[in-house]
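Quick note on labels: first sequence line is chain A, next is B, and so on, each numbered from 1. Note that the structure is predicted; figures quoted are calculated from it, not measured.
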Amino acid sequence: MEHRQLKGLIEEYCEGTLSPEVYPKVTQHLAQCHECKQHLRLIRLTQGITAASKGIAPPFPAPGFSRQVLQAVAQQRDNYLFWRPLRIVALRTIPAMAILALILGVVAYMQMTALLDAPNKSEMSQLESYLDLPTNWGQEDAVLSETISRDPDRVVKTLMGGQTNPSKSEGKVK
Amino acid sequence: MADAELIHRCQQGDHAAFEELVKRSERRVYGLIYQIVRSTNDVEDIAQEVFTKLFFSLPQFRLDASFDAWLYRIAVNQCYDYLRRRKRNPQVTQADLSEEEAAFFESDESVTLARPADISKRMEIKQLAENLLSALPPKERSLLILKEIEQFSIEELASIFKTSKSAIKLRLFRARNHLKAVYEKSKKRK
């Protein structure tokens, strides 16, 4: 058995509920393993504290307590019987509602994947209008790609703010 | 009469049997509630709510299940509800431990319940232990109390808290570490 398994059995070791086959293995491991020994010490310390508090006497039930409980039961019975059918219906409805929510989720997911897998033209235009894109954004993209491939320097200059002569601009800075 | 028979009669609507069942378990329930909420004034009200809930939930109880685990689950949940409703945690009194008291908790004596002969010393140690436990959050305290005072096994605790054995072990480990931290802090302050 591994350290992790044996460490997990220390509570049962203290309880005395380990089987006669496992008990010596845990004892042997405890003699060698510092971490498990620390765990055992922790259990013993907390057992000591809780055991020491045991003597604090809790309040005592009054002699007529059981009668008092029966009176409370009699008072609450009508209320309980009134709400009971509703409670039963609610409890039975919860799984049905969960199943319904699952089915709706699956249907929504299927519709969404179908939409993403095969977008038709009208759906694309709906998407474009939703994203607030110009209607000819596809054409602009093609023109830009062509310009980049033809004259990349010009594109770079344009993007840098139309500086056609780098030496001139350097002079200005100086 | 055995508990199972008594419960069966309660399920048939026998009020006398239910009264007997309350009498048999009221002290244990009182003790557990007090350990969790730490307020003498509210124990009776909470216990009454616990037994009322028990009465209405008994028809759903299966006779092959553990009645104690069922009852304690209702009691623990009722205590949590109460603490949530009141939006306050029990009062915490910080304990200051002397070296002698710390040595007592760390020795095997404390586990085997051997008590110091001196009654006043004994009471002092009880009070200190009580204060250390009071510093824990109610959920951790109730778990430790059910484990170490009520002597529930890991398996039974898993049934009470409706969770797995490994989750209970993890919660216990955290609660124990928290208690140790409170203990170390008290030792340092002294």
Side-chain angles (χ1 to χ4, degrees), chain A residues 4-19 35-85 87-88 91, chain B residues 15 18-23 26-27 29-35 40-41 43-44 47-49 51-52 54-56 104-113 115 122-123 125-133 144-145 147-149 151 153-155 166 168-169 172-173 175-177 179-180 183:
Chain A
R4 209 176 150 173
Q5 284 173 296
L6 290 161
K7 194 182 173 188
L9 293 172
I10 298 178
E11 283 285 351
E12 281 95 339
Y13 175 84
C14 295
E15 265 178 15
T17 51
L18 284 179
S19 66
E35 194 186 328
C36 290
K37 224 181 272 178
Q38 288 291 103
H39 190 176
L40 181 66
R41 218 168 279 160
L42 173 74
I43 294 174
R44 294 285 185 224
L45 172 73
T46 51
Q47 277 180 336
I49 295 170
T50 41
S53 79
K54 202 177 176 181
I56 299 284
F60 228 58
F65 177 72
S66 54
R67 290 252 155 222
Q68 222 173 298
V69 171
L70 282 174
Q71 280 170 8
V73 165
Q75 277 171 6
Q76 290 182 28
R77 171 173 272 164
D78 290 342
N79 192 27
Y80 176 79
L81 291 175
F82 179 77
W83 289 108
R84 197 177 168 211
R87 204 175 298 131
I88 291 169
L91 282 173
Chain B
H15 283 213
F18 182 69
E19 195 178 346
E20 177 60 27
L21 195 66
V22 173
K23 278 181 187 162
E26 60 187 12
R27 286 187 69 171
V29 170
Y30 255 67
L32 178 70
I33 294 170
Y34 175 70
Q35 296 275 13
T40 320
N41 301 333
V43 172
E44 190 175 325
Q48 194 172 307
E49 284 175 41
F51 284 110
T52 314
L54 176 73
F55 180 86
F56 291 119
F104 174 78
F105 288 133
E106 284 167 34
S107 70
D108 286 342
E109 259 186 299
S110 59
V111 182
T112 52
L113 299 177
R115 305 276 185 219
R122 203 188 300 172
M123 287 312 292
I125 282 177
K126 273 182 196 172
Q127 196 54 54
L128 283 167
E130 178 90 345
N131 292 345
L132 289 174
L133 280 169
L144 278 177
I145 287 161
K147 178 79 184 73
E148 305 302 353
I149 297 182
Q151 302 277 309
S153 67
I154 299 282
E155 206 169 340
S166 51
I168 286 292
K169 282 183 194 174
L172 264 175
F173 181 67
R176 289 188 197 283
N177 264 324
L179 183 58
K180 190 188 170 194
Y183 165 78

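Listed for the Glu15(A) side chain is a donor-acceptor partner under 3.5 Å among the backbone atoms of Ile154(B).
The minimum heavy-atom distance between Ser66(A) and Glu26(B), with the atom names listed, is N-OE1, 4.2 Å. Between Thr50(A) and Leu144(B), the closest heavy-atom pair is CG2-CB, 4.2 Å. Between Ala129(B) and Ala52(A), the shortest heavy-atom contact is CB-CB, 3.8 Å. Nearest heavy-atom pair, Lys169(B) versus Gly8(A), reported as atom, atom and distance to 0.1 Å: NZ-O, 2.5 Å.
With a threshold of 4.5 angstrom between heavy atoms, Ala47(B) approaches chain A through its backbone and through its side chain. Looking at Phe55(B), the atoms closer than 4.5 Å to chain A (heavy atoms on both sides) all sit in the side chain, from C-beta outward. Looking at Phe51(B), the atoms closer than 4.5 Å to chain A (heavy atoms on both sides) sit in the backbone and in the side chain alike. Looking at Ile10(A), neither its backbone nor its side chain comes within 4.5 Å of chain B, counting heavy atoms on both sides. For Arg77(A), the parts lying near chain B are the backbone and the side chain together; criterion is any non-hydrogen pair under 4.5 Å.
Per-residue heavy-atom pair counts under 4.5 Å with chain A were compared for His15(B), Glu49(B), Glu20(B), and the maximum is reached by His15(B).
Surrounding CZ of Arg4(A) are at most 12 heavy atoms belonging to other residues, nucleotides or ligands under 6.0 Å away. Environment of CD in Glu155(B): sparse, with no more than 12 heavy atoms of neighbouring residues, nucleotides or ligands closer than 6.0 Å.
Counting only heavy atoms from C-beta outward, the side chains of Glu44(B) and Gln68(A) approach each other to under 4.5 Å. With contacts defined as side-chain heavy-atom distances shorter than 4.5 Å, the pair Ser53(A)/Ile149(B) qualifies. Residues Arg27(B) and Pro61(A) meet the side-chain proximity criterion, which asks for heavy atoms closer than 4.5 Å. At least one side-chain heavy atom of His39(A) sits under 4.5 Å from a side-chain heavy atom of Phe173(B).
The aromatic rings of Tyr80(A) and Phe56(B) lie parallel to each other, with less than 30° between the two planes, well short of the 60° mark.
Between Arg176(B) and the options Leu45(A), Ile49(A), Thr46(A), a side chain to side chain contact (heavy atoms under 4.5 Å, CB included) holds for only Thr46(A).
Relative to the six-membered ring of Phe65(A), Lys23(B) misses at least one condition, a distance below 6.0 Å or an angle of at most 45° to the axis.
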